Amino acid sequence: MPQAWNQALVRIASAKDPNALPTDDRVLFYDDRTITIYDKFAKAQYHFLVLPRIPFKLADGREKGNPTQAPPALSATNGKLTLGATSSNVVPASHLRNISALMTSPYVTEVLAAVREASDRVLDHIRDDMQRNYGVTWSIDRAFHAVPSMEHLHLHVASMDLVSARLKHKKHYLSFVPTVDFAQRLDDVDKMVTAGKQALPKSERAYENLLNGPLISHHTGQRFKFFPELKAHLESHWRDTVLAQGRPESHPTSTRSKRAASNGAGEHAAHRRKVECHQLESTAGPNAAESDTDEEPALPLR
DNA sequence: GTTCTAGAAC
DNA sequence: GTTCTAGAAC
């Protein structure tokens, strides 16, 4: 079975019972239409993947008579899409291969809404954990890779420290930073879909070429000649600018939560940290304004 | 996608 | 010496 590696997410998304998946797959949580897993090769301190499940069931009544979107006669845009759901109320798996396929699907809005809803929970989970373990929260992005390697649609939900031993190559960094167009952020994809776009604006080739671009810090705009230098910068930035805002005793390498649970002494510190965190986000560098837009109100979905 | 390896380039 | 690039993986 050659090339089994790129089918791993198809296997996970197809699980009838997510609890029965191998423990190696690390499910965070799931609902009727999505499964969220830990990224096996996390490129940041927090890195999850939200997958639409196979089969992806449409809401009751969606397949007939719902006037918000015309039912598909046949969606033959690329020859790979199967016939529309005329006899079953599920989204064909071919529509869920990647973000480009999904954008041509008549079910794009419904799938994106389910993925967004699950990813909202992931954001809550991450922020809770950040607060508990570090006493501070920092930027998290939600994005699809424009040209993914793994088959089956997966939304990356990752903290933008990008500090991880698994971040080993330049292209890893460039595929996640909000300042490079390779990462197609959920809010932007929603806007494109709302505007009626059925494809990403650039060619596959153009997106791949972005991964050969210069190494520029999304924190400071500083340019680096070698990847190891950028990696050192990411690590020191996270330690000095983010973790320094949290409680010192809550660093995960030290015994944590002992003092935090003891009394209310942390309340002042918590207030201070929140203020400083906002300052941090607004002064984090020239690209800060673009690096944390997950908080804007969701587009009307349905 | 990852690991491993070899040789080029710096 | 370190980093980058490219190819193989049964």
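Everything numeric in this text was worked out from a predicted model, so none of it was measured. To find a chain, count down the sequence lines: A is the first, B the second, and so on, and within it residues start at 1.
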Base, sugar-phosphate alone, or nothing: which one does [X] contact when heavy atoms must sit under 4.0 Å apart?
X      : answer
A:H172 : sugar-phosphate
A:P228 : sugar-phosphate
A:K40  : nothing

Interatomic distance, [X] [atom1] vs [N] [atom2] [rounded to whole Å]:
X      : N     : atom1 : atom2 : result
A:F226 : C:dT2 : CZ    : P     : 13 Å
A:N212 : C:dC4 : CG    : C1'   : 12 Å
A:W5   : B:dT2 : CH2   : P     : 9 Å
A:L174 : C:dT5 : CG    : C1'   : 15 Å
A:R166 : B:dT3 : CZ    : P     : 5 Å
A:K168 : C:dC4 : NZ    : P     : 15 Å
A:K225 : B:dA9 : NZ    : P     : 15 Å
A:L211 : C:dA6 : CG    : P     : 13 Å

Phosphate contact ([N] OP1 or OP2) by [X] side-chain N/O below 4.0 Å:
X      : N     : value
A:K43  : B:dT2 : yes
A:H169 : B:dT2 : no
A:K170 : C:dT5 : no

Does the pair A:D190/A:R116 count as a salt bridge with the N-to-O cut at 4.0 Å?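 Result for this pair is yes, salt bridge flagged.
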Hey, is A:R53 close enough to A:D32 for a salt bridge, meaning N to O under 4.0 Å?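 A:D32 and A:R53: not salt-bridged.
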Could you tell me if A:Y173 and A:H218 have a donor-acceptor pair between their side chains, going purely by distance under 3.5 Å?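 A:Y173 and A:H218 do have a side-chain donor-acceptor pair below 3.5 Å.
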Does A:H154 form a ring-ring contact (aromatic ring centres under 6.0 Å, His included) with A:H152? I'd like the steps, not just the answer. CA-CA 6 Å; A:H154 50 288; A:H152 194 63; 8.2 Å; no
If you group Ile, Leu, Val, Met, Phe, Trp and Tyr by side-chain heavy-atom gaps below 4.5 Å, do A:L51 and A:W5 land in one group?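 As far as the 4.5 Å side-chain criterion goes, A:W5 and A:L51 are connected within one cluster.
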Does C:dA8 pair with anything, Watson-Crick or G-U wobble, both distances under 3.5 Å, and if so, with which nucleotide?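 The base-pairing partner of C:dA8, which may sit in any strand shown, is B:dT3.
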Between B:dT3, C:dC4, B:dG1, which one does the side chain of A:F227 approach most closely?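 So the side chain of A:F227 is nearest to C:dC4.
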